[in-house]
J.: 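Here it is: the structure, laid out below.
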Amino acid sequence: MAPTTQPVTVTVTGAGGQIGYALLFRIASGQLLGPDTPVRLNLLEIPLGLRAAEGTALELIDGAFPLLASVDVTDDAAAAFDGTNVALLVGARPRSAGMERADLLEANAAIFGPQGRAINEHAASDVRVLVVGNPANTNALIASAHAPDVPPERFTAMTRLDHNRAVAQLALKAEASVTDVDGVIVWGNHSATQYPDVSHATIGGRPALEVVDEAWCEEVFVPKVARRGAEIIEVRGASSAASAANAAIDHVYDWVNGTGDRWTSAGVTTSGPNAEAAASYGIPEGLVCSLPVRSQGGEWQVVTGLENSAVARAHIEASVAELIDEREAVRALSLLPG
Ligand code: NAD
Ligand code: LMR
């Protein structure tokens, strides 16, 4: 049956890259927005990446996806973000072995000011933005700062991959299904300082800390999840791509369609409507920080009222301190207004 609703415009930057290739076919097949929503795909690349993106566009056409209303490739940000409802900012350099994601600040941060401005000027009024390109939290902050007419809470950074990694590692350890794991949280930065927290989690309805050992969590689980990106680079010889695309799909699908009572993790702005909730966990305004969130009515809402231990608070504080350092570093590079 032909789709009956109006197409939603989805812009993917870095469409000629690895994540782009793993992401675009899933969007075209309806996994980003649901099986009843047709999509218009706008692919943005730099001139060097245009041919690869054009090749991917040919393959998208060859997929004969019923939900794919159109696919356009451009190196012009104004055209790519024209009328966009969902913007996936993937295009940026990945790190290689031995680098931390923050080492990409200088190379990548300059991409996100102009893209934020183009979103401000050309996107649809309901635009939702997910920043994937690293360092994702600070890049999201830069993009938002250059889009003064877009509510800051519409800019998010991807920590869903970390969340999914945490769920999977916990399930492996407990010899349970990932569907039995609930209530995991990733706090802070998408970096090695992130805090994957199981203290509010359950496995098969039991508190996770009754099923797995607390020492294992602190000594094995936390570093394993926080350093999983580096492990992938070392083993695969390239940055994670399909799992990153999968997490981007999960993030946007949940944002648009709602999470119900379960929460997940997302990098959200700590200003505006989230400021009070972030402050209740000791996190200041003016950052994009991973927090426990539910999506209701198409908006991420920070889960409040969770009691954190002294250990958890120390981890969160360290990751927030790193976010503040990154913000000051991009301010020193004149990449943040003010
Ligand atoms: P890639 O090198 O395969 O592809 C990146 C693409 O972006 C290239 O085709 C390049 O031409 C394009 N590009 C560069 N600058 C651009 C610009 N200004 N506008 C549009 N396109 C541009 O890299 P990848 O593996 O697809 O990774 C992309 C980014 O995602 C990297 O920064 C990587 O570190 C990050 N990443 C983040 C997460 C996360 O969890 N947040 C997970 C995996 C990867
Ligand atoms: C990841 O977490 O896999 C990505 O952010 C890539 C990286 O640099 O680790």
J.: Whether the side chain of Thr193 engages the backbone of Ala318 through a donor-acceptor N/O pair (distance < 3.5 Å, no angle test) should be reported.
T.: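 Not a single qualifying donor-acceptor pair exists.
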J.: Output, in order, the C-alpha distance, side-chain angles, deciding distance and verdict of side-chain contact (heavy atoms from CB on, under 4.5 Å) for Arg165 and Ile232.
T.: CA-CA 12 Å; Arg165 286 168 172 164; Ile232 304 283; 4.2 Å; yes
J.: Within a strict 4.5 Å, meaning less than it, do heavy atoms of the Val127 and Val129 side chains meet?
T.: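 Yes, side chains in contact.
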J.: Among Leu141, Thr138, Asn139, which residue satisfies the side-chain contact (heavy atoms from CB on, under 4.5 Å) criterion with Val330?
T.: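 With Val330 as partner, Leu141, Thr138, Asn139 yield a single side-chain contact (heavy atoms from CB on, under 4.5 Å), made by Thr138.
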J.: To the closest 0.5 Å, what do you measure between OG1 (Thr13) and CZ (Phe81)?
T.: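 Going from the OG1 atom of Thr13 to the CZ atom of Phe81 covers 6.0 Å.
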J.: Write down the atom of Val293, the atom of Val268, and the distance for their closest heavy-atom approach.
T.: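 Minimum heavy-atom contact is CG1-CG1, 4.2 Å.
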J.: Using a strict 4.0 Å threshold on nitrogen-to-oxygen distance, state whether Asp103 and Arg95 make a salt bridge.
T.: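 No, Asp103 and Arg95 are not salt-bridged.
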J.: Let me see the working for Phe155 and Val150 under side-chain contact (heavy atoms from CB on, under 4.5 Å), right down to the final yes or no.
T.: CA-CA 8 Å; Phe155 283 84; Val150 180; 3.6 Å; yes
J.: What about Val86 and Leu60, same hydrophobic cluster or not, with Ile/Leu/Val/Met/Phe/Trp/Tyr joined at side-chain heavy-atom distances under 4.5 Å?
T.: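 Yes.
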J.: Determine whether more than 12 heavy atoms belonging to other residues, nucleotides or ligands lie under 6.0 Å from atom CZ of Arg331.
T.: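 Yes, because the 6.0 Å sphere around CZ of Arg331 holds more than 12 heavy atoms from other groups.
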J.: Is it possible for you to say whether Val167 and Leu291 belong to one hydrophobic cluster, with membership spreading through side-chain heavy-atom contacts below 4.5 Å?
T.: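 Same cluster.
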J.: Applying the side-chain contact (heavy atoms from CB on, under 4.5 Å) test to Val252, which of Ile27, Thr156, Leu88 qualifies?
T.: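 The passing option is Leu88.
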J.: Does Val90 belong to the same Ile/Leu/Val/Met/Phe/Trp/Tyr cluster as Val8, with side-chain heavy atoms less than 4.5 Å apart forming each link?
T.: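 Yes, because Val90 and Val8 connect within a single hydrophobic cluster, where side-chain heavy atoms sit under 4.5 Å apart.
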J.: How about Leu48: does its CG atom have over 12 heavy atoms from other parts shown lying under 6.0 Å from it?
T.: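 No, because the 6.0 Å sphere around CG of Leu48 holds 12 heavy atoms or fewer from other groups.
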J.: As an exercise, state the distance from CZ of Phe25 to CG of Leu41, rounded to the nearest 0.5 Å.
T.: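 Answer for the CZ-CG pair, Phe25 versus Leu41, is 10.0 Å.
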J.: Would you say Asp254's side chain and Thr259's backbone share a donor-acceptor pair under 3.5 angstrom?
T.: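 Looks like no, no N/O pair under 3.5 Å.
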J.: Could you check whether atom CD of Glu276 has more than 12 heavy atoms from other residues, nucleotides or ligands sitting under 6.0 Å from it?
T.: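 Not more than 12 within 6.0 Å, no.
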J.: Output yes when a side-chain donor or acceptor of Ser319 lies under 3.5 Å from a complementary backbone atom of His315, and no otherwise.
T.: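 It does not hold such a pair.
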J.: Is it true that the side chains of Glu326 and Asn189 contain a donor and an acceptor less than 3.5 Å apart?
T.: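 Yes, a side-chain donor-acceptor pair sits under 3.5 Å.
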J.: Testing the basics here: between Leu209 and Cys217, what is the closest heavy-atom pair and its distance to 0.1 Å?
T.: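 Closest approach of Leu209 to Cys217: CD2-SG, 3.9 Å.
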J.: Is the CD atom of Glu106 crowded by more than 12 outside heavy atoms at less than 6.0 Å?
T.: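 Counting neighbours around CD of Glu106, 12 or fewer heavy atoms of other residues, nucleotides or ligands fall under 6.0 Å, so no.
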J.: If every non-hydrogen atom of Leu335 is compared with every non-hydrogen atom of His146, which pair is closest and at what distance?
T.: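 What the structure gives for the nearest pair is O-CE1, 3.1 Å.
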J.: Tell me whether the count of non-hydrogen atoms from other residues, nucleotides or ligands lying under 6.0 Å of CZ in Arg294 goes above 12.
T.: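 Enclosed: over 12 neighbouring heavy atoms sit under 6.0 Å from CZ of Arg294.
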J.: Taking the inter-plane angle between the rings of Trp216 and Phe221 on a 0 to 90° scale, is it parallel (under 30°), tilted (30 to 60°) or perpendicular (over 60°)?
T.: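 Trp216 vs Phe221 ring planes: tilted.
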J.: Return the minimal non-hydrogen interatomic distance between Asp82 and Thr9, and the atom names on each side.
T.: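 Shortest heavy-atom separation between Asp82 and Thr9 comes out as O-CG2, 4.3 Å.
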J.: Taking all non-hydrogen atoms of both residues into account, name the closest pair between Val320 and Pro284 and its distance.
T.: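 The pair with the smallest heavy-atom distance is CG1-CD, 3.7 Å.
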J.: Taking atom CD of Glu307 as the centre, does the number of heavy atoms from other residues, nucleotides or ligands within less than 6.0 Å exceed 12?
T.: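 Not buried by this count: 12 neighbours or fewer within 6.0 Å.
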J.: Any donor-acceptor pair under 3.5 Å linking the side chain of Thr159 with the backbone of Asp162?
T.: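 Pair absent, no side-chain N/O of Thr159 close to backbone of Asp162.
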J.: Would you say Pro292 and Trp187 make side-chain contact, with heavy atoms under 4.5 Å?
T.: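 Result yes, sub-4.5 Å side-chain heavy-atom pair found.
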J.: Looking at CG of Leu44 and CG of Leu50, how far apart are the two atoms once the value is rounded to the nearest 0.5 Å?
T.: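 Between atom CG of Leu44 and atom CG of Leu50 there are 8.5 Å.
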J.: State, with a plain yes or no, whether a side-chain heavy atom of Lys173 is found less than 4.5 Å away from one of Asp213.
T.: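 Counting from C-beta outward, Lys173 and Asp213 never come under 4.5 Å.
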J.: What's the spacing between Arg26 CZ and Ile249 CD1 if we round to 0.5 Å?
T.: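 Rounded to the nearest 0.5 Å, the CZ-CD1 separation comes out at 5.0 Å.
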J.: Test of understanding: clusters of I, L, V, M, F, W, Y form through side-chain heavy atoms closer than 4.5 Å, transitively. Do Val311 and Val198 belong to the same one?
T.: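 Not linked; separate clusters.
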J.: Check Glu100 with Arg227, please: is the shortest side-chain N to carboxylate O separation under 4.0 Å?
T.: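 Counted as a salt bridge, because a side-chain N and a carboxylate O are separated by less than 4.0 Å.
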J.: Is it true that a side-chain atom of Arg327 and a backbone atom of Gly286 form a donor plus acceptor pair closer than 3.5 Å?
T.: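 Present.
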J.: Under the side-chain contact (heavy atoms from CB on, under 4.5 Å) criterion, do Asn308 and His200 qualify, and how do the steps go?
T.: CA-CA 9 Å; Asn308 286 329; His200 309 282; 3.2 Å; yes
J.: Check whether Trp255 reaches the backbone of Glu299 with its side chain - one donor and one acceptor, N or O, closer than 3.5 Å.
T.: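 Absent.
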J.: Side chains of Glu54 and Glu45: closer than 4.5 Å at any heavy-atom pair?
T.: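 Side chain of Glu54 against side chain of Glu45, heavy atoms only: no contact under 4.5 Å found.
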J.: Flag the pair Leu67 / Thr37 as yes when at least one side-chain heavy-atom distance between them is below 4.5 Å, and no otherwise.
T.: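 Leu67 does not reach Thr37 side chain to side chain.
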J.: Between the side chain of Tyr281 and the main-chain N/O of Leu306, is any donor-acceptor distance below 3.5 Å?
T.: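 A pair under 3.5 Å: yes.
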J.: Check whether more than 12 heavy atoms from other residues, nucleotides or ligands sit under 6.0 Å from atom CG of Asp149, and answer yes or no.
T.: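 Enclosed.
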J.: Can you find a side-chain donor-acceptor pair between Ser191 and Glu322 that sits under 3.5 Å?
T.: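 On atom types as modelled, these side chains qualify, holding a pair under 3.5 Å.
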J.: Side chains of Trp300 and Ser295, heavy atoms from C-beta outward: is any pair under 4.5 Å?
T.: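 In contact.
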J.: Please report the interatomic distance CD1(Ile119) to CZ(Arg128), rounded to the nearest 0.5 Å.
T.: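 Nearest 0.5 Å value for the CD1-CZ distance: 14.0 Å.
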J.: Would you say CD of Glu317 has more than 12 non-hydrogen atoms from neighbouring residues, nucleotides or ligands within 6.0 angstrom?
T.: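 12 or below, so no.
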J.: Under 4.5 Å between any side-chain heavy atoms of Leu287 and Thr269, yes or no?
T.: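 No, too far: nothing below the 4.5 Å cut-off.
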J.: Might you work through the side-chain contact (heavy atoms from CB on, under 4.5 Å) test for Cys289 and Leu323, ending with a clear yes or no?
T.: CA-CA 8 Å; Cys289 184; Leu323 284 170; 4.0 Å; yes
J.: Hydrophobic cluster membership, with links at side-chain heavy-atom distances under 4.5 Å among I/L/V/M/F/W/Y: are Leu161 and Val186 in one?
T.: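 Shared cluster, no.
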J.: Go through the side-chain N and O atoms of Asp197 and Ser199 and say whether any donor and acceptor fall under 3.5 Å apart.
T.: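 The answer is yes; a qualifying pair exists.
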J.: Could you grab the distance from atom CG of Asn246 to atom OG of Ser240, nearest 0.5 Å is fine?
T.: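 Taking CG in Asn246 and OG in Ser240, the distance rounds to 11.0 Å.
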J.: Mark yes or no for whether Asn42, through its side chain, and Ala80, through its backbone, hold a donor-acceptor pair below 3.5 Å.
T.: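 Present.
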J.: Which residue in the set His251, Arg160, His163, Gln194 passes side chain to side chain donor-acceptor pair (under 3.5 Å) when paired with Ser265?
T.: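 Result for side chain to side chain donor-acceptor pair (under 3.5 Å) with Ser265: His163.
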J.: Hey, are the side chains of Ile185 and Tyr195 touching, using non-hydrogen atoms and a 4.5 Å cut-off?
T.: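 No, their side chains stay 4.5 Å or more apart.
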J.: Tell me the closest heavy-atom pair linking Ser239 and Pro94, and the distance in Å.
T.: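 What the structure gives for the nearest pair is CB-CB, 3.8 Å.
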J.: For Asn137 and His190, indicate whether the former's side chain and the latter's backbone hold a donor-acceptor pair under 3.5 Å.
T.: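 Yes; judged by distance alone, with no hydrogens or angles, the pair exists.
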J.: Is it the case that the side chain of Arg313 and the backbone of Ile316 share a donor-acceptor pair, with hydrogens and angles ignored and the cut-off at 3.5 Å?
T.: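 It does not hold such a pair.
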J.: How about Asp250 and Asn164: does a side-chain donor come under 3.5 Å of a side-chain acceptor?
T.: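 Distance-only check passes for Asp250 and Asn164.
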